[in-house]
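Data block below; observations after.
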Amino acid sequence: MAEKIKRCFRLMRLFALGEAVRYAVFSLLSALSVPLAALLTERCVNAVAGAGEGEAGFWGPFAALSAVLFLSVLIGHFLRVSDISLTEALQKGCTPKIIDKLNRMDYAYFDSASAADVLECVSRDPAQSLARLYKTLIRCAALAVRIFSLSLLYFRLSAAFGTALCVLMAAEIVIGIFSNRQFSRLYGEELPRERKLACLGDLLTQKGPVFDLKLNRSAGYVKEMQNRLADSVLRERVRISLKAERWYLAGLILMTAWTAALLCALIGRRLAGMLELGTFCTLLGSCPLLTQVQAELSYYLSSMGKDWFVVRALEELSGFREVCGSEEDADARPEIVFSHVSFRYPGTERFVLRDVSFTLSPGETLALAGANGSGKSTVIKLLCGLYEPTEGAVTVGGVSASGLSPAGRSRLFSAVFQDFLTYNVTVAENVGLGDVRNLFCEEKIREALKKSEMDGLADSLPMGLQTPLGHLDEGGVELSGGQRQHLAIARACMSDAWFYLLDEPTAAVDPVAESRLYRSFASVIRGKGAVLVSHRLASAAIADTILVLDGGRIAQRGTHARLMERGGLYREMFEKQSSWYRGEEQAGEA
Ligand code: ADP
């Protein structure tokens, strides 16, 4: 527990030191104001009860009590304000740092099962969790201060009452820490199941999967899976909650017994004239306060379980290895060199690329062909520097691809991937994001749209280039899969990079539009290099060199004409595809 608390405070020092200190100071002042007010109330009652004994100092306790009450109102106000600014400071300090870290860290962590929990935790509003945890810790400290300063009042009655109260409250804290540990362990075990639950929840609520499930009438099955998983998570949570509740009840019973004994002692002493009225009222009046504090303490201590994980995840994330961009710049006219590259994904044993070598200079086009799973996209990922090769080297202009600085990388590559097509922002932003320097340059955006055969799009939309995509904004529109791919290509056309990396950029485009697109794309990449992955081999024919991958190895290499002439895997695939299209055409004619 001490280590966890240290972790939390370390993060607070990093993200919001001033606000954290302010919050702690006001919380402690607010906690001290309660016993102080109780003590002054006692003096006031005693002063009133003994009013006839002389006027000197009569108003003192009243003035002091009024001042304490007024100060406690002010402290309460400042505490609430510092609570708000603490949350705000954490949101501003923590969230951008996490995003920066995710951008800088080794991409391989996204594939690692052991990093999955950390990434899951930091994706769930960690600033809120950190703020909640810190505030809960401070509240617990403030409650402890309040309890022990109140118990000092009871020491005046008898050491036995004061000691018994201290022991009871200490036991409450120990029980709270114990159930907190149990909840923490439970949440640790639950994380993977919660990830699965979130995935199933997405399946049942997101537009695309809902349509699929509806069509296949399989929503019931997925719902059943979700219910079963949710039940198993809930069962354990209920078991531990009930156990904590039993301990809490035992604490309450002991507290009630203590209160009953206190009542007897108070009444007995008062009747025997051994207790002033003010002390009697204060000690009696503080009992409900103690029960309330006990309940709050128990609640706060057991409610921190989940947030510990977020704090641990934030610390672990900060330790994830970063890939620092090299200061070294790529050559003026860079060349891509794959030198005997073999690769297996982190955490896996199987090599998905074996001894792959090729070079590519600006002005040349390389197409990667091969069956699904043969390693084409992996070549693109290594080129982008997302992973380091297991063996061999990938360099661009003499610099290791994984060591390129972000600026250097964007000068070298412009990419279109099939699975990141469009964002829910305006059409102009969707295209302009290809070159943020020209994000608002309408002329360049229109030019890029023209290059991707989409020049008519803006005019056909209700707000032209400013039309938002998706339904996050009022008036947003949905584009077809093919239109979105054209738009993603337009985004790539904004860039003036040395190489265009196109990984299945036209999978959703019809064959006629595809061939038109590649023809106009030929003018975009003139003088530049391009690496092209396409299932439709007709588009590979425009490349200067085609690499045919088979099980991660280069099975064939050459121009379209040479490969067709030589026969083998490429010609086989090409002829199969052509006969398929011819068959489609004939079926269409018939
Ligand atoms: P292609 O683009 O030719 O269809 P990929 O390069 O995407 O093939 O995949 C090559 C192999 O690598 C496949 O067997 C695939 O299962 C595996 N693979 C792809 N991505 C990962 C990953 N993140 N982790 C582990 N294996 C992966």
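Indexing begins at 1, ligand by ligand and atom by atom, following the structure's order. All of these numbers come straight from a predicted model, not from anything done at the bench. When reading the values below, keep in mind they use all heavy atoms of this one structure, side chains included, and skip hydrogens, waters and symmetry mates.
Which of Tyr345, Phe110, Phe343 comes nearest to atom 18 (N) of ligand 1 through a heavy atom is settled by distance: it is Tyr345.
From Leu502, atom CG reaches atom CD1 of Ile489 across 7.0 Å, with rounding to the nearest 0.5 Å.
Remark: minimum distance from atom 1 (P) of ligand 1 to any protein heavy atom is reached at Gly373 N, 3.5 Å. At the top of the distance list for atom 5 (P) of ligand 1, counting protein heavy atoms only, stands Thr378 OG1, 3.6 Å. For atom 23 (N) of ligand 1, the closest heavy atom belonging to the protein is Asp111 OD1, 3.0 Å. The protein atom (non-hydrogen) at minimum distance from atom 7 (O) of ligand 1 is Ser377 CB, 3.6 Å. Counting protein heavy atoms only, atom 16 (O) of ligand 1 is closest to Arg350 NH2, 3.9 Å.
Heavy-atom proximity to Gly375, at under 4.0 Å, picks out these atoms of ligand 1: 1 (P), 3 (O), 6 (O), 8 (O), 10 (C). Residue-ligand proximity, Asn372 to ligand 1, at heavy-atom distances under 4.0 Å covers atoms 4 (O).
Classified by interplanar angle (parallel below 30°, tilted 30° to 60°, perpendicular above 60°), the ring pair Tyr387/Phe343 is tilted.
At least one heavy atom of Ala371 sits closer than 4.0 Å to an atom of ligand 1. Using 4.0 Å as the threshold, Gly370 has no heavy atom nearer than that to any atom of ligand 1.
There is no side-chain donor-acceptor pair under 3.5 Å between Ser318 and Glu315. Side chain to side chain, Tyr500 and Ser495 fail the donor-acceptor criterion of an N or O pair below 3.5 Å.
Polar contact check, Thr348 against ligand 1: no nitrogen or oxygen pair lies under 3.5 Å apart. Inclusion of Val352 in the set of residues having an N or O under 3.5 Å from an N or O of ligand 1 is not warranted. Annotation: Ser374 places an N or O atom under 3.5 Å from an N or O atom of ligand 1; distance criterion only.
Judged by distance alone, the side chain of Glu364 and the main-chain N or O of Ser361 form a donor-acceptor pair under 3.5 Å.
Contact of the Asp544 side chain with the Leu360 side chain is not registered, since no non-hydrogen atoms from C-beta on lie closer than 4.5 Å.
Salt-bridge formation is detected for the pair Lys528/Asp496: a Lys NZ or Arg NE/NH1/NH2 atom is positioned less than 4.0 Å from an Asp or Glu carboxylate oxygen. Using a cut-off of 4.0 Å between Lys/Arg side-chain N and Asp/Glu carboxylate O, Lys101 and Glu322 are scored as salt-bridged.
The shortest heavy-atom contact between Gly375 and Leu549 is C-CD1, 3.8 Å.
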